[in-house]
Amino acid sequence: MVPLKNDRLIRALLRKPVDRTPIWIMRQAGRYLPEYRATRKRAGDFMTLCKSPEMACEVTLQPLERFALDAAILFSDILTIPDAMGLGLTINEGEGPRFAHPVRRRVEIEALPLPDPEIELRYVMDAVRLIRRELDGRVPLIGFSGSPWTLASYMVEGRGSRDFAITKTLLYDDPQALRQLLATVTRSVTDYLNAQISAGVQAVMIFDTWGGLLTARAYEHFSLAYMQQIVDGLVREIDGNRIPVVLFTKGGGQWLERIADTGCDAIGLDWTVDIGDARHRVGDRAALQGNMDPSVLHAAPERIREEAGAILDRFGHGTGHVFNLGHGVTPTIDPDHVGSLIDAVHELSIPYHQ
Ligand code: CP3
């Protein structure tokens with residue numbers, strides 16, 4: 001494999017010195033880009049786009065053609081695993097994800113198959129191999145999965161939800177059944193991420209989008225404990241290259257020390273925490289990724305630049321920061337504003353690395 005021409009992301013995630021702060025954007029390939037909307041239209045629907053390695057590769061590379069990003073993220077979705085388990089996923093415009101067959105009863109949980117990532121999820125691995133070839137070492141490729149708790153929440157509820165009431169009822173009424181579901185999903189996520197690593201992703205991120213809905217105690221037992229098992233089960237080095245692992249719990253700002261204890265390489269931060277305080281709390285145990293409020297991107301480019309500068313300033317001098325938003329970029333954002341942010345971070349961060 002060709003060596004990386006730009007390895008800032010990997011270096012910052014491993015807290016090695018960099019010349020400037022690397023940046024990538026959650027949902028960087030997505031509906032705010034007209035070229036994404038055109039490919040999505042050609043595909044017909046979202047899952048067809050995910051299941052075509054050629055089109056998934058095309059949209060993965062689209063933001064890199066426009067912006068000086070320091071990473072590519074595999075174009076796919078966290079819900080590919082439950083889809084491969086036979087839950088019947090559809091993602092329609094404006095509706096969000098839906099499962100035809102949610103899993104709520106013990107018999108349904110016990111009957112869940114464990115997908116083979118190179119068979120049922122082969123389309124993802126083929127996309128990774130194709131993207132690596134097309135990237136030709138320009139920037140690293142990030143692979144990802146949902147956390148067991150977040151995936152289980154969609155699998156039980158059958159759709160997105162504000163409070164995941166059915167899943168929480170299961171948590172309190174039949175925790176054993178939920179634990180069994182989480183154990184199966186954990187095994188599957190571990191296999192899936194290890195297969196992505198074998199196929200060529202150079203860093204992995206676990207999206208625990210709904211961990212912040214839990215109590216501190218439930219977070220430990222129903223989300224973090226399973227992410228810990230994944231961190232322990234991942235292949236962390238390949239051909240002498242360390243594969244950094246990022247854990248992102250949205251709404252998890254109170255639990256940063258506990259997240260660092262898992263031995264992950266970096267922690268994703270939403271916008272509700274002060275990144276300077278987070279750095280102080282986590283110390284040298286993990287790098288930090290984040291954490292600008294995505295809504296800032298609606299503001300004028302000068303304001304975006306100021307907000308980016310404030311985050312860089314709060315993090316302070318030295319490595320261990322990957323700039324990102326605190327959550328995904330939304331469809332109504334002007335792509336030029338994303339460009340302003342990326343340029344601002346690159347320019348303004350240089351003094352912090354001298
Ligand atoms: O970041 C990237 O550019 C990589 C691609 C990516 C997508 N989804 C593409 C996508 C990633 C990393 C995800 C992760 C994902 N998917 C998460 C975790 C991150 C987060 O946002 O908290 C979650 C919870 C999902 C589940 C999911 N997929 C939802 C809730 C939706 C609907 C979103 C909406 O706004 O309608 C999706 C669909 C989806 N995944 C889209 C994209 C670009 C939009 C679908 C479309 O094109 O119509």
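Note that the structure is a prediction, hence the values are computed from the model and not measured. Throughout, numbering of the chain's residues begins at 1 and tracks the sequence. Counting starts at 1 for both ligands and their atoms, in listed order.
Using modelled atom types and a 3.5 Å distance limit, the side chains of Asp334 and Tyr32 yield no donor-acceptor pair. Side chain to side chain, Thr80 and Glu120 fail the donor-acceptor criterion of an N or O pair below 3.5 Å.
A heavy-atom distance below 4.5 Å is not found between the side chains of Arg104 and Leu170.
The environment of CZ in Arg37 is crowded: more than 12 heavy-atom neighbours from other residues, nucleotides or ligands sit within 6.0 Å.
Counting only heavy atoms of the protein, atom 5 (C) of ligand 1 lies nearest to Ser76 O, 3.6 Å. In this structure, the protein non-hydrogen atom closest to atom 16 (N) of ligand 1 is Asp77 OD1, 2.9 Å. The protein heavy atom nearest to atom 39 (C) of ligand 1 is Phe46 CZ, 3.5 Å. Counting only heavy atoms of the protein, atom 36 (O) of ligand 1 lies nearest to Arg31 NH2, 3.2 Å. Looking only at heavy atoms of the protein, atom 14 (C) of ligand 1 is closest to Ile78 CG2, 3.6 Å.
For ligand 1, the atoms lying closer than 4.0 Å to a non-hydrogen atom of Phe207 are 12 (C), 18 (C), 19 (C). Proximity to Thr209 (heavy-atom distance under 4.0 Å) selects the following atoms of ligand 1: 18 (C), 19 (C), 20 (C), 22 (O), 24 (C). For ligand 1, the atoms lying closer than 4.0 Å to a non-hydrogen atom of Ile73 are 1 (O), 2 (C), 3 (O), 4 (C). Atoms of ligand 1 lying under 4.0 Å from any heavy atom of Leu74, numbered from 1 in the order shown and given with element: 4 (C), 5 (C). The distance from ligand 1 to the heavy atoms of His327 drops below 4.0 Å at these ligand atoms: 20 (C), 21 (O), 22 (O).
Under a hydrophobic clustering in which Ile, Leu, Val, Met, Phe, Trp and Tyr are joined whenever their side-chain heavy atoms come within less than 4.5 Å, directly or via other members, Trp271 and Met26 fall into different clusters.
Looking at residues two or more places apart in sequence or on another chain, you find a ring pair (Phe, Tyr, Trp, His ring centres under 6.0 Å) between Phe75 and Tyr36, Phe46.
For Phe323 and Phe315, the ring centers are positioned 6.0 Å apart or more. Aromatic ring centroids of Trp210 and Phe164 lie under 6.0 Å apart.
Comparing heavy-atom distances from atom 48 (O) of ligand 1 across Met26, Lys41, Arg40, Lys250 singles out Arg40 as nearest. When the options Pro97, Ala43, Gly146, Pro63 are ranked by their closest heavy atom to atom 32 (C) of ligand 1, first place goes to Pro97. Relative to atom 47 (O) of ligand 1, the option among Tyr36, Phe144, Tyr154, Trp210 with the closest non-hydrogen atom is Tyr36.
The two atoms that bring Tyr123 and Pro53 nearest to each other are O-CG, 3.8 Å, heavy atoms only.
At a 3.5 angstrom cut-off on N or O pairs, Thr150 does not count as close to ligand 1. For a threshold of 3.5 Å applied to N or O pairs, the pair formed by Arg27 and ligand 1 contains at least one separation below that value.
Distances shorter than 4.0 angstrom do not occur between any heavy atom of Gly160 and any atom of ligand 1.
Within the structure, side-chain hydrogen bond (donor to acceptor under 3.5 Å, both in side chains) pairs that include any residue of residues 164-176 comprise Arg106-Asp174, Glu157-Thr167, Gln176-Arg179 (at least two apart or interchain).
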